Amino acid sequence: MRERLLSRCTGLALLIASAGPAGASPAPHLTAAQAALLDRLTWGTDTSDATAIVHDGTARWLDHQLHPAKVTPLPPEVAARIAVLPVTKTPMLEAVRQVEDLNRVANALADPDAKAGAKRVYQDALGAAGRQAAARSILLALYSPDQLQEVMTWFWFNHFNVHLGKNNIRMMVGDYEQAAIRPHALGRFRDLLEATLRHPAMLSYLDNAQNAAGHINENYAREIMELHTMGVGSGYSQKDVQELARILTGVGIDPKPDDPKIGPQHAGELVRQGLFEFNPNRHDYGDKDFLGHHIAGRGFAEVEEALDILSEQPATAHHVCMALARQFVGDAPPPRLVDRMAATFMRTHGEIAPVMAAMIGSSEFKASLGTKFKDPAHYVLSAVRLAYDDRIVVNTQPVEGWLNRLAEGLYNHQTPDGYPPDAAAWNGPGQMSVRFEIARQIGGGAPALFKPDGAPPAPPPVPGVSAPPQPPVPVPDLRTTVAALFPAPDAATAAALAQAKSPAEFNTLFLASPRFMRR
C-alpha cells in the first residue's frame with residue numbers, strides 16, 4: 001500500500017502491520033455506496049483510497065477531498081521523482097528565456113544544415129518540457145491522496161484549455177497546470193479565472209499577446225465569454241465581445257528582463273509578474289460599456305472589474321455548473337440539479353467546493369453513480385491505479401502513449417473547447433478495440449511502466465551465446481482486490497471472470513469489462 005497513507009492516517013499502522021506478502025495491505029471491503037463514490041470522484045478505485053474511506057468514514061473522507069491541504073504528502077519516491085524534473089526545478093521565466101535563446105541562435109545561422117540542427121535542439125527542448133509536465137501530472141493523478149483535487153485540475157484545464165503545440169507553450173504548460181489551475185481547483189472561480197488570464201500559456205494560445213490599442217484581437221475575449229464564463233446564447237452581444245477585447249488590450253507577455261519605458265501620463269500603471277505584463281503603452285484607455293456596466297478607462301483595474309462582472313453573472317453560474325454536472329453526473333444532467341448548483345454558485349460568489357458539495361449530496365448524483373462511461377483519461381488512470389497500487393510507476397510515457405492512442409492526450413486538444421465529456425465521443429468500436437488491447441497490457445504486467453525512461457534496450461542476441469535469463473514480469477493478481485473493491489458485480493461480468501485461467505487473464509477480463517468502463 002502506498003506510503004502516502006502513513007503520512008495521512010497514522011491510525012492505519014495496525015492495518016499496515018498486518019499486510020500480506022510484499023508489504024501490500026489487503027483491500028478493505030467497501031460498501032456499494034463507497035465503491036461508487038470512489039469510482040466517481042477519484043482517478044479510480046484502489047486499495048489506498050479504499051482504506052482511507054473505510055478508516056475515515058465517508059463523510060470525513062469527502063470533507064478531506066473537498067478541502068485538500070495546501071501541501072499534499074506524497075509517497076517519498078513519487079515526491080523525489082517530481083522534484084528532480086527540470087520542469088519542477090526551473091522557474092518558467094528562466095526556462096522560456098533559455099529555450100528562446102536557442103531559437104535566436106538557430107535563426108541567426110546562415111548555413112542550412114547548421115540551422116536545421118539548431119532548430120532540432122530547440123524543438124527537442126520544447127518536447128522535453130512537455131513530456132516532463134505530463135509526467136508530473138500523471139504521477140500526481142496516480143498517487144496524490146487529494147484525488148478530487150487532481151480530477152478537478154484535469155477538469156479545469158480542459159475548461160480553460162490550451163494546446164501545447166502552439167508557439168512555445170510546451171515550455172509553459174506545466175506551470176499553467178501547476179500554478180494557475182491546481183491551487184484554485186476547489187477554490188473560488190473568480191480567482192481561477194484571473195489566474196488563467198494572467199498566465200502566458202493562455203495569452204499565447206488565444207493571441208491576447210497581440211491585442212493592442214489600434215490593433216484589436218478579439219480571440220481571447222470571445223472565448224472568455226463563449227467558453228470560460230457565460231456560454232453561447234446567454235445574452236451577451238458582439239459589442240460586448242468587442243468591448244472586452246478593448247479592456248484586455250495591453251494584457252500580454254514580455255520575456256525581456258528590463259521594463260518597457262512608460263510615458264508620464266501612465267507612469268506607475270505597468271504590471272509585471274514573471275512573463276505576464278500589462279503594458280499601458282498598448283492599452284486602449286477609452287471608456288467602455290460592457291454587459292450594461294460603464295467601465296472608465298484606467299488601466300489594469302478595468303480588467304479586474306470586467307472579471308468581477310463576468311464571475312457574478314447568473315449565466316456564468318449556470319454555464320460552469322452545467323459543465324461540472326456533465327463531468328460528474330451525466331451527459332444530460334437534470335436541469336433542476338444544475339439550477340440548484342448555480343444557486344449555490346451565486347450565493348457563495350463562485351466558491352467551487354460548496355457547489356461540488358451541493359452536487360455530491362443530491363439525489364440525482366447518487367442515482368447516477370455507476371452509470372457514467374469513462375473517458376480515456378479515467379479509463380487508463382483507473383486501470384493503472386487498480387493494478388499497481390502497491391508499485392510506483394517509474395516511466396509514465398506508456399500512460400501518455402495510451403492516452404494519445406485513445407485521442408485524449410494530455411494538453412493535446414487543439415481547439416479551446418476542450419475534450420468532450422459525453423460517452424458518444426469515446427465508446428465507438430475503434431476506441432473499444434484499443435481499450436481491450438490496453439487492458440491486456442496493463443493486466444499482463446505492463447513492464448514498460450517499470451523500466452526507467454531512457455534505459456538502454458536489451459543487446460541483440462549473439463549467435464551461439466545464450467542470453468542471460470531475464471527476471472519474470474510480475475503480474476498483479478487482482479482477484480481478491482476486485483472482490484473487495486467492486487462489490488456485487490453484474491451476472492455477466494461475474495460469469496466471464498469465473499472462466500479466467502490465470503491472474504493475467506482475470507485482470508484483462510475485468511479491465512475490459514463493461515463494469516470497469518463505467519464510473
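Everything numeric in this text was worked out from a predicted model, so none of it was measured. Count residues from 1 along the sequence.
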Hey, are [X] and [Y] close enough for a salt bridge, meaning a charged N less than 4.0 Å from a carboxylate O?
X      : Y      : value
Arg336 : Glu364 : no
Glu100 : Arg104 : no
Arg190 : Glu304 : yes

Asn217 and its side chain to side chain contact (heavy atoms under 4.5 Å, CB included) partner, picked from Asn211, Leu206, Asn208: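 Running side chain to side chain contact (heavy atoms under 4.5 Å, CB included) over Asn211, Leu206, Asn208 with Asn217 returns exactly one hit, Asn211.
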Check whether Phe290 forms a cation-pi arrangement with Lys288 (NZ or CZ under 6.0 Å from the six-membered ring centre, at most 45° off the ring normal). no
Measuring from Phe160:CZ to Leu193:CG, what's the distance to the nearest 0.5 Å? 5.0 Å
Indicate the ring-plane relationship of [X] and [Y], choosing parallel, tilted or perpendicular according to the 30° and 60° boundaries.
X      : Y      : answer
His159 : Phe155 : parallel
Phe300 : Phe276 : perpendicular
His199 : Tyr176 : perpendicular

Using modelled atom types and a 3.5 Å cut-off, is there a donor and acceptor pairing between side-chain atoms of Asp331 and backbone atoms of Ala423? yes
For [X], is the [atom1] atom crowded, meaning more than 12 foreign heavy atoms sit under 6.0 Å from it?
X      : atom1 : answer
Lys166 : NZ    : yes
His294 : NE2   : yes
Gln414 : CD    : no

Is there a side-chain contact between Tyr411 and Glu177 (heavy atoms, below 4.5 Å)? yes
Looking only at side chains, do Ser368 and Arg40 share a donor and an acceptor under 3.5 Å apart? yes
Does the side chain of His283 pick up a donor-acceptor pair with the side chain of Glu302 at under 3.5 Å? yes
Show the nearest heavy-atom pair for residues Asp49 and Pro145, with the distance to one decimal.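 Result for this residue pair: OD1-O, 4.1 Å.
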